[in-house]
There are 2 protein chains.
Amino acid sequence: MMLKNLGNISPSLIHRLPTYLIHVQELLKQKIEWVSSDELAKALDLTSSTIRQDFSCLDCSGISKKGYNVQFLETCLLKILGIEYPINVAIVGAGNLGHALALHEGFIHYQFIICAIFDINPEIIGKRIGKIIIQGMDSLKRVIRQKKIKIGIISVPYLAAQDVADRLIDAGIQGILSFSSVHLNTPRNIPVVNSRIVTNLLEISFMIRNVQQNTNEKEKES
Amino acid sequence: MMLKNLGNISPSLIHRLPTYLIHVQELLKQKIEWVSSDELAKALDLTSSTIRQDFSCLDCSGISKKGYNVQFLETCLLKILGIEYPINVAIVGAGNLGHALALHEGFIHYQFIICAIFDINPEIIGKRIGKIIIQGMDSLKRVIRQKKIKIGIISVPYLAAQDVADRLIDAGIQGILSFSSVHLNTPRNIPVVNSRIVTNLLEISFMIRNVQQNTNEKEKES
DNA sequence: TAGATTGTTAATCGATTAACAATC
DNA sequence: TAGATTGTTAATCGATTAACAATC
C-alpha cells in the first residue's frame with residue numbers, strides 16, 4: 001500500500017485519526033467486520049460526509065452497500081499513523097505526573113515504548129519506576145542517541161519546560177508531547193503537541209457557563 | 001464589566017483563551033504592564049490580526065500605540081473563563097494517573113479544588129491521597145451533590161469510562177474532563193473535553209513522518 | 001506632528017456539509 | 001432488479017489573514 005501525499009491531510013483530520021483507530025480497534029474486538037460511514041458518524045459525533053471524505057483522502061476505500069472493512073481500516077490507520085513498528089519514548093520529569101506516565105499501560109498497546117526517564121533531582125536519580133531507572137539530565141543526550149528515542153514527553157515544572165525542550169531537540173528528538181501549560185518555541189520541523197491538562201479544565205469551566213447561557217437562550221426562543 | 005454574548009466566541013478562540021491567560025500571567029510576574037498584539041503573536045505563534053480579533057470579540061480593548069494593559073487582560077480572561085471563584089472537582093479512578101492528578105499542584109492556582117476521589121477497588125477505598133480519602137463509587141452521587149462538585153475528571157480504564165460518565169451526569173456534574181481514549185456520548189448540555197494522552201502521542205507519530213516528508217519536498221523544490 | 005498600534009471591514013483560505021451520480 | 005452506501009463535486013460555513021482608516 002502506497003501512501004498518498006500526506007500533505008493533503010488537514011490538521012483536523014490528523015486530529016481525528018487516533019479517534020478512528022481507537023474506535024475501529026474496539027469494533028475489531030467485537031468481531032464486527034463491516035462498518036458504514038453512517039454508523040461511524042453516529043458513534044463519533046461526526047457526519048457521514050466527513051467520514052467518507054476522510055477515508056477517501058486516506059485512500060481507505062469502502063464498498064457500496066457494505067461499508068468499510070474494519071480490518072482494512074485498522075491496517076490503513078496503523079500505517080498512516082506510523083505505528084507499524086515500536087517507537088521509543090523518553091520522559092523528562094519524574095514527579096507525580098511523570099511517574100504516572102511511566103507506569104501508564106495505555107502506551108505499549110500503541111507501540112510506544114517508554115525506555116528512559118530523566119530528572120534533575122539527585123535524590124531520586126537511580127531510583128526505579130517500574131522497570132526503568134531514573135537518570136540525571138547529564139545522561140539525556142547520550143541515552144537519547146543510544147536508544148534512538150524519537151519522542152520526548154515533558155512533565156517538568158513550567159519554568160523548566162522550554163529549557164528541557166531545547167535540550168531534547170539538541171539531543172535529536174523528533175517530536176515533543178508537553179504537559180506544561182506554557183507555549184514552547186521550537187523549530188518548525190519539530191512537532192509539539194500540548195496535552196493541556198490544566199488548560200482543558202479552563203476550557204470546561206468556560207463551556208459550563210456558555211452551555212448554560214446557550215440553553216437559556218434556546219429556552220427563551222422556544 | 002458586562003460579558004458580551006458568549007455565543008460569538010468560536011471554538012477556536014475558546015481553545016486559545018487558556019493560552020492567553022497563562023502567558024498574560026507570566027507577563028504579570030515579569031512586571032510587564034503593556035503588551036502589543038504583535039509581541040503576543042510572536043510569543044504564541046499566532047498572527048497579530050488573530051489576537052486583535054480575539055480581544056475585540058472578548059471586549060478587552062487596548063490603546064493605540066501602547067497596546068493592551070496586561071493587568072486588564074488578566075481580569076478579562078479570568079472573568080471570561082469563569083474562574084473568579086473556586087470550582088470543585090472530583091476525580092474518578094485512583095490508579096496511577098488519578099493519583100498523580102490528585103496531587104497535581106497546577107490545579108489550585110486556577111481555582112480548581114480537587115475535593116473528592118472515587119474508585120471501585122475495595123482495597124484502596126479509605127486510603128489517603130494527599131489530604132483526600134478515596135471513596136467508593138456508591139458515595140459518588142451523594143458527595144457530588146453535597147460538595148457541589150461541578151467538574152468530573154475520568155481516569156478509569158477505557159471500558160468503564162462511559163459508565164462513569166453516565167453516573168457523573170446522573171449525579172449532576174456539569175462538565176467532564178476525560179483521560180480515556182474512547183469517545184464519550186453525553187447530552188449536548190454537558191461539555192466534555194478529552195485530554196488525549198495516548199492520542200496525542202499518535203498525532204506526534206504521524207506528524208514526525210509528515211514533517212519529514214514536507215521537509216524533503218521543500219528541499220526538492222529549492 | 002509623526003509614527004505606532006488598535007479596531008474593524010473585506011478578502012482569503014480551509015474545513016464541513018449537502019447532494020447526487022456511480023456502484024455493488 | 002431495487003435499494004443501500006460509497007466517492008466526489010459543489011455549496012456552505014467558519015476561521016484566519018490582510019489591509020487600512022481611526023486613534024492615541
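To find a chain, count down the sequence lines: A is the first, B the second, and so on, and within it residues start at 1.
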For A:R52 and A:S48, which I'm curious about, is there any donor-acceptor pair between the side chains at under 3.5 Å? yes
Among B:K65, B:Q71, B:K66, side-chain contact (heavy atoms from CB on, under 4.5 Å) partner for B:W34: B:K66
Backbone N or O of A:C115 within a donor-acceptor pair of the A:K147 side chain at under 3.5 Å? yes
If D:dC24 has a Watson-Crick or G-U wobble mate with both distances under 3.5 Å, name it; if not, just say none. C:dG3
If you take atom types as modelled and just measure distance, does the side chain of A:Q53 reach the base of C:dT16 with a donor-acceptor pair under 3.5 Å? no
Does a side-chain N or O of B:S37 approach OP1 or OP2 of C:dT5 to a distance below 4.0 Å, or not? no
Look at the side chain of A:S49 and the base of C:dA18, then say whether one donor and one acceptor between them are separated by less than 3.5 Å. yes
Starting at CG of A:N69 and ending at C1' of D:dG7, how long is that distance when rounded to a whole Å? 17 Å
Would you kindly give the CG-to-P distance between B:L58 and C:dT6, to the nearest whole Å? 15 Å
So, does the side chain of B:S64 form a donor-acceptor pair with the base of D:dT23 at under 3.5 Å? yes
If C:dA19 has a Watson-Crick or G-U wobble mate with both distances under 3.5 Å, name it; if not, just say none. D:dT8
Please figure out whether B:Y68 or A:I63 has its closest DNA chain C nucleotide nearer the 5' end. B:Y68
Do the side-chain N or O atoms of B:S56 get closer than 4.0 angstrom to the phosphate oxygens (OP1, OP2) of C:dT8? yes
Are OP1 or OP2 of D:dT17 and a side-chain N or O of B:T47 less than 4.0 angstrom apart? yes
Nucleotide C:dT8, atom C1' - distance to CD1 of B:I51 in whole Å: 16 Å
Going by atom types only, do B:Q25 and B:E74 share a side-chain donor-acceptor pair under 3.5 Å? yes
Assign A:S48 to base, sugar-phosphate, or nothing according to its heavy-atom contacts below 4.0 angstrom with the strands shown. nothing
D:dT16 OP1/OP2 closer than 4.0 Å to side-chain N/O of B:R16: yes
